[in-house]
Every structure is written in C-alpha cells, then in structure tokens.
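Computed over heavy atoms, backbone and side chain alike; hydrogens, waters and symmetry mates excluded. Both counts, for ligands and for their atoms, begin at 1 and track the order of listing. Keep in mind that what you see is a predicted model, and the values were worked out from it rather than measured.
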Amino acid sequence: MPRPRVSALIAAGGQGLRLGAPEPKQFLVLGAQTILEHSIERLLVHPGVDEVVVAVPADRVHGVAARCRERGWHRVTCVEGGARRQDSVAAAFAAAKTDAEVVVIHDAARPFVLASLIEATIEAAMTHGAAIAAVPVRDTVKQAGGDRTAPSRPVAGTLPREDIFLAQTPQAFRREVLARALASGHGPDVTDEAMLVEAQGQAVFLVPGEATNVKITTQDDLEWARHHVARTGTMRVGTGYDLHRLVEGRPLILGGVHIPFDRGLDGHSDADIVCHAVTDAVLGAAAAGDIGRLFPDTDPQWTGADSVRLLEAAVVHLHQCGFHVSNVDVTVIAQRPKLLPYLEAMRGRLASALQVPIASVSIKGKTNEQVDSMGRGESMACHAVAMVVS
Ligand code: MG
C-alpha cells in the first residue's frame, strides 16, 4: 500500500491553567523546549506526516509561528484556535491541505507520543476510517450512583473492565470521515474527536496506546514529565581549543574580563581564547559547526568583536538546535600573569553568556613550566569541554 498523505493537527488553543502556572500548560518548559514544541516535534519528524497544523490562542499565533521559523520547521502552520477543543480542531482542519488522505489529531499536552503509535493509528485509520489510541484500565471500575455533588457516593455497579479503555491521542481519521463529523459538530462540547465521529454512526477502532503517552494535566504529571525528560534526554559532550600569540600593544581579555598585563593576545577579534574555546566546545557538543564557520574572520563585522557576544550568539544557535548547556570546564594555559584573582569574574561572564548558574562553570589556570611557546610567554592557550542536554 503506498504511503497516504497525512496532515497532523495539534489542538493547543486551550487556556489550560489548571496547573496553577501563569500560562497555559502547553507553553510550560520541559527540558530544552515547551511542552507544545515537544508535541510538534514528535509529529514533524515522523516520516509518515507531511504537515503539522497547530491551533493556539490568538495572542500566541505570532510567537509560535516565529519560533517554528527560527527552528527551520517549515512544514508547520499556526492558526488561531477557538474557545472549545472542537473549535480549535476545526480551525486547524480548515488550514490543512485538502489533498490529505488521513488526518491525525494530537493533544498539545502529550509530548511523549512514540513514532510507532503515530504509525499504528495512521494505518488503522486507512483500514477502518477512524482509529484512536487507548489503554485498557488496570483497576476494577466502579460506577457511582447518587448525587454527583455529594462528598461520598454509593456504588451503583461494577463495570466489566475488559471492555473499558481510556482514550489517548493520536486519533486518526480518513479525511472525509473527519470532515463530516466536524461539519456536524455544533452540539455539546466533546472531549475528543472520536465522540463526533461516533455520533455519526461511524465505527471507531482502538489501537493499543502507551503508558508513557501521558497527558500533562496536574502538577504531579508535570513533575513526572520533567523527570522523564531528565532520564531520557540526550547528553552530549564537545571540546574546544584555542591559542593566540602574545604581542605588545594589545589588551589582554580572557573570558570577557580585561586583565592588566604588559601584553595582549593578537587576533582579528578581541582574541579572547577562553570565549573561543568555550564557543567551540558548546557548538561541537551539538555538532552545530564551529566558531570559524559561524563568525568567519573574513567578515568585517567581527573585526575587534567582543567574543562574549559571539558566545551568546552561539548559545542562541544551540537552543535553536534543541540543546541547552549543562556545564563547562575550562583550562587556561598562561605562564604569566597569575589568573587566580580574575577567575571568579570570568566564571560570572561565561555563566551569563551560557545562560547557566555560576556553579555550572569551572575555570582553572595553568602555567606551562616555562616549556614551549606558552611556557616562554609567547602565547596563551585554552582547552574547554562542554556538556549539553536535549
Ligand atoms: Mg581564537
């Protein structure tokens, strides 16, 4: 069977303030990006998905679209969502390509959906017309009777748990099935699209969901999600090295700090070997190029450049690649002057450029025992390692 054309819709129009945070839950940060960005990325990188349409609150459309452009996510479209979930889905559906065969709908607050589950729902939608991810209940299911507002309610009966499933997303539909359901969807609020489709008399099939495909709803969910990201996020390391000659008539700048000395490092920019080595370590960890490629010394805009600014720009680039800095460790090789009095100031400058706490930055000074060019005071060099996490 040839691969169907697939549009994925993400309903992120909700104000979801239940977590008590100042903004809707889909915009809270989880690791290196927002919960919404995790969800978009899961669908976008799936080989079976051709486009992603995201419905967000009106005041977020511009910001989310700009962020997607920044990250090179050109197959993502942002539209304004509606008051109810089905209004947001309808808005996203209206902006999606009309030649798709299958439409996948996913919750913004389910950032851990696996590619295999996206695949399974698309396949089931092709076969049956409508399919949703769902997990069986493990506990015995009691139906409550009596008054819904009462503090304690009597059990009205026990439901056969073999027949009870908890709906997740993705929910996937042949495009015409969803189009019919949405066109009829001016009834009461629904909590998922399958309800609209069921109301049309169309059979919706269950696909085995995943326990880790949680919907982040409560503070406990958010904490679990943050631990999950920390456990499963990728850690990567990079190294950086730089050496410049010492000459008269130049200021000595290391780690963005001006150090009184009778000579300074020679170079096109301010020749700050510490910033240069750290920049290369950070970029190297993300396999995102190096300082020479990002800021070529043939480009006059970097003449005499403040290398702290270059490091800051490299960190922005790193964030765009989906990583942030965990820590850096730096060794500066200088026969003279003594660097100890300046190390704390250098840590502070680097920490602020790297957007990490000072405790995540280490700098040591070394002499080279009067051996070779560094030891004879003809040059200074710097080694750096950086760890980044996704
Ligand atoms: Mg350099």
>> Do His268 and Asp297 pair up side chain to side chain, a donor and an acceptor below 3.5 Å, judged on atom types alone?
In response: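 No, Asp297 and His268 have no side-chain donor paired with an acceptor closer than 3.5 Å.
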> Is the His38 ring parallel, tilted or perpendicular to the Phe112 ring (thresholds 30°, 60°)?
Replying inline: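 Taking Phe112 first and then His38, their aromatic rings sit tilted (interplane angle of 30° to 60°).
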> What are the protein N, O or S atoms, given as residue plus atom name, that sit under 2.8 Å from the Mg ion (ligand 1)?
Replying inline: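 Asp242 OD2, His244 NE2, His276 ND1, with waters left out.
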Hey, are [X] and [Y] close enough for a salt bridge, meaning a charged N less than 4.0 Å from a carboxylate O?
X	Y	result
Asp50	Arg3	yes
Glu344	Arg347	yes
Asp272	Arg309	no
Asp329	Lys364	yes

